[in-house]
Each structure stands twice: as structure tokens, then as C-alpha cells.
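Each chain gets a letter, A, B and so on, in the order the sequences are listed, and its residues count up from 1.
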Number of protein chains: 2
Amino acid sequence: MTTEETRESGSPPTSADAGGSDVLWLREGGERKQRRAAPLTLERIIDAAVAELDAHGSERLTMRRLAQRLEVTSTALYWHVSNKDDLLDIALDHVIGEVRIPEPGPEPRAALRELLLGWRAAMLAHPWSPSLLGRPLLGPNVLARTEFLQAMLVRAGLSGKELATATSLLVDFVIGAAMNGATWRLLDNPAVLAKARAHITGLKELYPTLSTYGFVDGRWSQDELFHLGLDQILDTLMR
Amino acid sequence: MTTEETRESGSPPTSADAGGSDVLWLREGGERKQRRAAPLTLERIIDAAVAELDAHGSERLTMRRLAQRLEVTSTALYWHVSNKDDLLDIALDHVIGEVRIPEPGPEPRAALRELLLGWRAAMLAHPWSPSLLGRPLLGPNVLARTEFLQAMLVRAGLSGKELATATSLLVDFVIGAAMNGATWRLLDNPAVLAKARAHITGLKELYPTLSTYGFVDGRWSQDELFHLGLDQILDTLMR
DNA sequence: ACCTGAACACCGTTCAAGT
DNA sequence: ACCTGAACACCGTTCAAGT
């Protein structure tokens, strides 16, 4: 409790109040205390939610903890947001908003590449975000990027069933890559990866291929493999 | 409460107990009540968990509700399973266990196709499963199928960086497709899809491409688009 | 060995009440 | 309009105790 204790303001400063603690400028050391750190807004709530998620993951995000970070009651949040699920939807869309939409130059392929690399990077920067993917991606930021994605495909000459296939393919690929990448990034403990590898190679007769060719192999980074996979897909889509 | 109320068994059947309700065979209508429906085992718990998830989704799965379904105390579950997260990991791996591993015929491409179609189908049959994907996929059933996947790629002649890229690409694609597909399947309300479409087409100036070419277009089913995308990927991987 | 009951430390959310 | 406080109906999990 850092806020001042409520005190009755009935008695005028006539009584022998030792130290004159009733004078405004002398009260509580005189530090001109802001009544409230800042007015609570939806934006501040979202920022705090993302910060909390980045710091402690989605498991530990609580309306109460979030409120504590904002120095308000948990119930105060419900004035600005209807419930926790909605807040999570907004936070996820907010993260996707960090993805820069490229200048729509004459090269749809390059623009697509940039968009999708940024998309995955944004989700991996907030590795809790893929696990929030349980509901349809219909936020404004997501839609804007999906719009750009499909527009580039159209510009590249795709249409009809080809266009629909390519759109799904690319969206599924980024989401899946973000999902899988995030699971490894979440347990940032570097020893866990070694343990996973040891677990697999320890069962050589069950997983001969995985243990010899290395499924969780460290020879190539996930970033590198995603780059290569994406290039391969783009090559076939817009040849 | 369907179970018999605990009653003191101190008094012998000598008292004038109208109706002889103390005689074993007449007690409670005489239905030879099994003391316990069945011994609680990890397998029964998993089956019940999957059934509960299928019925009500992951939001409503509770240790207490699960226990109720099994007619035990919620705390009894902790004898067989260490905590809820572990149980969810097991349930997810259990679902992947439904995916049939094809006969490793001479055609790696056909086998791969069958495996991946089955993989996505299994997850979509339990649309809560993709949202449980927050942790590394290291269960025995998942590993067995990943092993098969990579083995087929090796048989097709891939190795080194090419092999690693192809493995990631395919895994990311199925996971992403299952994820995205499940989000739509979860809100089975058919009116919601129409509403989503209306939302997008209502913002024609913001999403011109999506609203004219149809992002959530119903002209082709998601199944169809996944088939086509998969074929396209497999074509480029093993040409 | 396996299960119950009570208890602990939390949750999300509602709602009257304050300012 | 915006926030607090109290309250409700839950959670996951631990642990002593029963059988």
C-alpha cells in the first residue's frame, strides 16, 4: 500500500496539531503525490498485459496481477474490457500489429517474404502468443496483414483455387512455424533441449532416423530452416 | 449423489426395523451395487479427459469435473497423474496416437501424404488439441510419427540441410493447418462464419482483396485446400 | 496401494457503493 | 464516468487420515 491512508478531513487546522501536518504543503513530506499514476485506459491495459505476458508467460497472467501492475483493483479493469478472453484477443492482435507491412513495390515475392519473416519474428518475440491462438484471427491488425498477403498473391497472378490454396498454405506455415518455434523458446532453459536430444538418441531403436539425422539438430538454426522453407514455398507458388 | 448415504452399522437386525431393510438382499432395491465403478487407472483418466474435452472443450476441463465423471474425488486423480499440465500433455499425445502410421511401401510420397492427412484429421477431430500445443511435442506417439515422417524423406533421397528443411516445413504446415482449422471448427455456430464474412466484406475499403477474392470463402473446403497445398509441397520436396 | 475430506491459496466476474 | 470493496462460485494442489 503506497497510497495515503484515508483520513477524516472534518477538523479544521485550529487544534494544536503538532507539526502542522494539516497544512497542504507539509503533508506527507510534501511530495506532490499524483492521485493516480495515470488514468486507466484500454491502451495502458493492453501494454501492461503484453509486458506481463512477456515477463511471466500466459500461465501467470491474472486479472488481479495485471491490476496490481497498474495499481488499480482487478475489478476496475472490467470497466474498460469485457472479460479476460477479450483482453487476450486484443493483446494477440496488438502483437501482430508490430509486424511491419512492406512497401508494396513491384516485387510481390520480396514483399511477401518480408511480411512472413516479420510475422513469425513478432510471434517468437512474444512466445506466449502462439498459445493464444485458440480463436479465429479476426483482429484488425491480423486482417490488414492477411489482406496484404493475399493482395501480393493476386498481384503475382494467382486467382481462383490457386489463390485460395496459396493463401491457406502460407498462413498455415507461418502459424505452425511460430507455434513450434515458440514451444522451444518458452522453456528457455538450454539444458532442456540437450535433455530432449538425449531422450531421443537414448531410444535409438525406436527413433533411428530422428536420432541419426537429428530432428532437434542444432546444426541449423530454426530461423535458417524457416527461411529456406519459405523460399522453397514461394518458388513454387510464383514461378 | 447416487451413492448410498453412510449409515451406522452398529445395531444388529434384531430391532423391529419395518420392512427388514437391514437384510442384505433387500437393501436399496437389492441392486448389487458395485463398490466402485472400476479401479481408477491412468488409462481411464486419459479416456475420460479426452471425452470431457470432446464434449465441452478445453476451457471447461477441470480436475474436479473430470473426477466427477469418474465418480471419484478430484484429489484421487493426483495419485495417478502428477498435475493437470502433465495430464493435458498425455491427452494430446493420446490423440496423435489415433493417427495410423502407413505401411512403409515403396512409395515414400504416398505414405507421407497419408500420414499428414491423418495427422491433421486427428487434430481436427479433437479441435481442442491444437490449443494444447504450448509445450514441446515429445510424447511417444508424436515422436513415432515424426520418426516415420523423416524416415520417408530419407528414403526419398533427402539428406543434410535439405532434409532438415523439409522436416520442419511439413511439421509446421500440419500443425498450422490444424491450428487454424480448429479455430473455425470450435465455434461450430455456422452463423459465426457468415458474420465473419460479413464483417470483412463490410470493410471493403480496408480489405479489398479479402472481400472480393474471399479469404473465408466457402467455394472450396478447408480439406480441399489442405490437400492441394500438401500436394504442392510434396511435389517440390521430392521431385 | 489407493482413495477421501478438509484445507490453502488462489482464480474470473458481478454488483452495490463511493467519488 | 470511473473506480473500490465485498462477495460469489469456482479453481489446482497438498496433506493428513482412512481402508
query: Would you call B/Leu133 and A/Thr183 a side-chain contact if the rule is heavy atoms closer than 4.5 Å?
result: no
No-hydrogen, no-angle side-chain donor-acceptor test under 3.5 Å, B/Thr209 and A/Glu147: yes
- prompt: What about B/Thr75: does its side chain form a donor-acceptor pair under 3.5 Å with the base of C/dG5?
  reply: yes
- line: Between CG of A/Asp86 and P of C/dT13 the distance, given in whole Å, is 9 Å
- prompt: Once you round it to whole Å, what is the distance between C1' of C/dG5 and OH of B/Tyr78?
  reply: 15 Å
statement: Paired with B/Arg44, the side-chain contact (heavy atoms from CB on, under 4.5 Å) test is passed by just one of B/Leu40, B/Asp47, B/Leu42, namely B/Leu40
query: Rounded to whole angstroms, how far apart are CG on B/Leu77 and P on D/dC11?
result: 13 Å
- line: Stems of at least 3 consecutive Watson-Crick or G-U wobble pairs (donor-acceptor distances under 3.5 Å) involving DNA chain C, listed by first number, are C:4-8 with D:12-16, C:12-16 with D:4-8
message: When you compare the side chain of B/Trp119 with that of B/Thr146, does any pair of heavy atoms fall below 4.5 Å?
response: yes
field: Side-chain N,O (A/Thr62) to OP1/OP2 (C/dC11) below 4.0 Å
entry: yes
Integer-rounded Å distance: D/dT13 P and B/Asp85 CG: 7 Å
task: Give a yes/no answer on whether the side chain of A/Trp79 brings an N or O atom under 4.0 Å of OP1 or OP2 in D/dC3.
output: no
query: Nearest-Å distance, CZ (A/Arg64) to C1' (D/dC11)?
result: 11 Å
- prompt: Atom CG of A/Leu70 and atom P of D/dC3: how far apart are they, to the nearest Å?
  reply: 10 Å
message: How many whole angstroms separate atom CE of A/Met63 from atom C1' of D/dA7?
response: 17 Å
- request: Look at the side-chain N and O atoms of A/His80 and state whether any lies under 4.0 Å from the OP1 or OP2 oxygen of D/dC3.
  value: yes
task: Please list, chain by chain and in numerical order, all residues satisfying side-chain hydrogen bond (donor to acceptor under 3.5 Å, both in side chains) with B/His94, sequence neighbours excluded.
output: none
field: Rounded distance (Å) that lies between atom P of D/dC11 and atom NE2 of B/His56
entry: 13 Å
task: Check every strand shown and say whether B/Arg65 touches a base, only sugar-phosphate, or nothing at a heavy-atom separation below 4.0 Å.
output: sugar-phosphate
query: How about B/Leu132 and B/Met123: do any of their side-chain heavy atoms sit closer than 4.5 Å?
result: no
query: Can you find a side-chain donor-acceptor pair between B/Asp172 and B/Ser168 that sits under 3.5 Å?
result: no
